[in-house]
Amino acid sequence: MRRDSGASAAAAAPGRGTRSRARRRRIGVAVLLVIALVVNLVPPVRDGVSSLLSRGVTSLVSSLTGRDAEVKRLTKENLAVSERARSAEERLAAVEESATLSERFGGGKHDVVVGHAVAFTPAPSTGSERKVELDIGSRDGISLSQAVVGDRGLVGRITALRADSSTVTLLADHSSVVGARVERTRSLARLSGSAPAGVAKRSGSEVSLVVADGGSVRIGDTVVTAGSPNGFPYPAGIPLGKVSRVEADHGQAERNAAVRPFVDPGALEVVGVLVPQENH
């Protein structure tokens, strides 16, 4: 008999637990309903809750907006500082490059105005026009026909001028002619962009060298400018290139050779225009 009674109690226990949980859920729902009725039916309570929520949302939005504005302001200031620093670095680099080019090529008689090559006209399929555009012009103090140098030697000369830009005709252009000397022998010569009659067309960036009667030249010789009267447009001694080929001697009085310029126009970046100091 006791065993039957215990079994009945055990069977009844789960039922009581289920009813207890159900009562708690009903009580919780009732409490929420009362709160909702109070909020909706009692204006002061409703208004207080609404005001509290409104202030909270407004404060949050204001905080986020303020932070966004501050971030934008700081970002703008950082960009301005970076731009000023970059501009200062560029000016310093230009001054240093100008000093380097002046020391190498100025000879105490020329100032150097530094510019950048911004466009290059390669040799077309017909003809041999070779030019480079610079980002400096007359407002920077340069003039027509002035020599242009790179870090390794002569680039060409100014042949077109505008207020804020200019055009350089390169050594390899068909119209280019520069008085030259073979550095080893001091033989006088003429460097030009077009090959003399009866000589094979030059390849790539090669230019032609015609050495005066009695002069001597061989492969590997360095060629420099002979110099112009008063150093304009070309001061003496500016490197031009290296002899890459000497034409066979067919009894001509002059010797012909091919020269590969030291300056690669396709890789030009910073250049200097040689301005005679009396122009300032």
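Being a predicted model, the structure only gives us computed values, none of them experimental.
Of the residues Val263, Val113, Ile158, the one that meets the side-chain contact (heavy atoms from CB on, under 4.5 Å) test with Val148 is Ile158. Tested against Gln146 for a side-chain contact (heavy atoms from CB on, under 4.5 Å), the candidates Leu274, Val168, Val275 yield a single pass: Val275.
With hydrogens and angles ignored, the 3.5 Å screen pairs a side-chain donor or acceptor of Ser228 with a backbone N or O of Tyr234. In this structure a side-chain-to-backbone donor-acceptor pair under 3.5 Å is missing from Asp140 to Ile142. Checking side-chain atoms of Asn256 against main-chain N and O of Glu247 turns up no donor-acceptor pair under 3.5 Å. With hydrogens and angles disregarded, no donor-acceptor distance shorter than 3.5 Å links the side chain of His110 to the backbone of Ala147.
Linking Ile, Leu, Val, Met, Phe, Trp and Tyr residues whenever their side-chain heavy atoms come within less than 4.5 Å places Leu191 and Ile219 in a single cluster. In the hydrophobic cluster analysis, where Ile, Leu, Val, Met, Phe, Trp and Tyr join through side-chain heavy atoms closer than 4.5 angstrom, Val177 is grouped apart from Phe232. No continuous path of hydrophobic side-chain contacts links Val210 to Val224 [ILVMFWY only; heavy atoms under 4.5 Å].
Arg181 is not listed as a side-chain neighbour of Val223, based on a closest heavy-atom distance of 4.5 Å or more. Side-chain contact check for Leu154 versus Thr225: some heavy-atom pair is nearer than 4.5 Å. Using a 4.5 Å cut-off on side-chain heavy atoms (C-beta onward), Ser216 and Val182 make no contact.
Among residues two or more places apart in sequence or in another chain, the side-chain hydrogen bond (donor to acceptor under 3.5 Å, both in side chains) test is passed with Ser176 by none. Applying the side-chain hydrogen bond (donor to acceptor under 3.5 Å, both in side chains) criterion to Ser166, with sequence neighbours excluded, gives no partner residue. Legend: residues meeting salt bridge (Lys or Arg N to Asp or Glu O under 4.0 Å) with Arg184, ordered by chain and number and at least two apart, are Asp221. Taking the salt bridge (Lys or Arg N to Asp or Glu O under 4.0 Å) definition, one finds that Glu206 meets it with Arg245, Arg260, sequence neighbours left out.
Among pairs with a residue in residues 222-235, none fulfils salt bridge (Lys or Arg N to Asp or Glu O under 4.0 Å), at least two apart in sequence or across chains.
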For residues 236-243, tabulate all N or O donor-acceptor pairs below 3.5 Å that involve a side-chain atom, not counting sequence neighbours.
{"residue": "Lys242", "atom": "NZ", "partner": "Gly220", "partner atom": "O", "Å": "3.4"}
{"residue": "Lys242", "atom": "NZ", "partner": "Thr222", "partner atom": "OG1", "Å": "3.3"}

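The distance from the CG atom of Leu170 to the CG atom of Asp264 is 10.0 Å, given to the nearest 0.5 Å. The CD1 atom of Ile136 sits 11.0 Å away from the CG atom of Asp164 when rounded to the nearest 0.5 Å.
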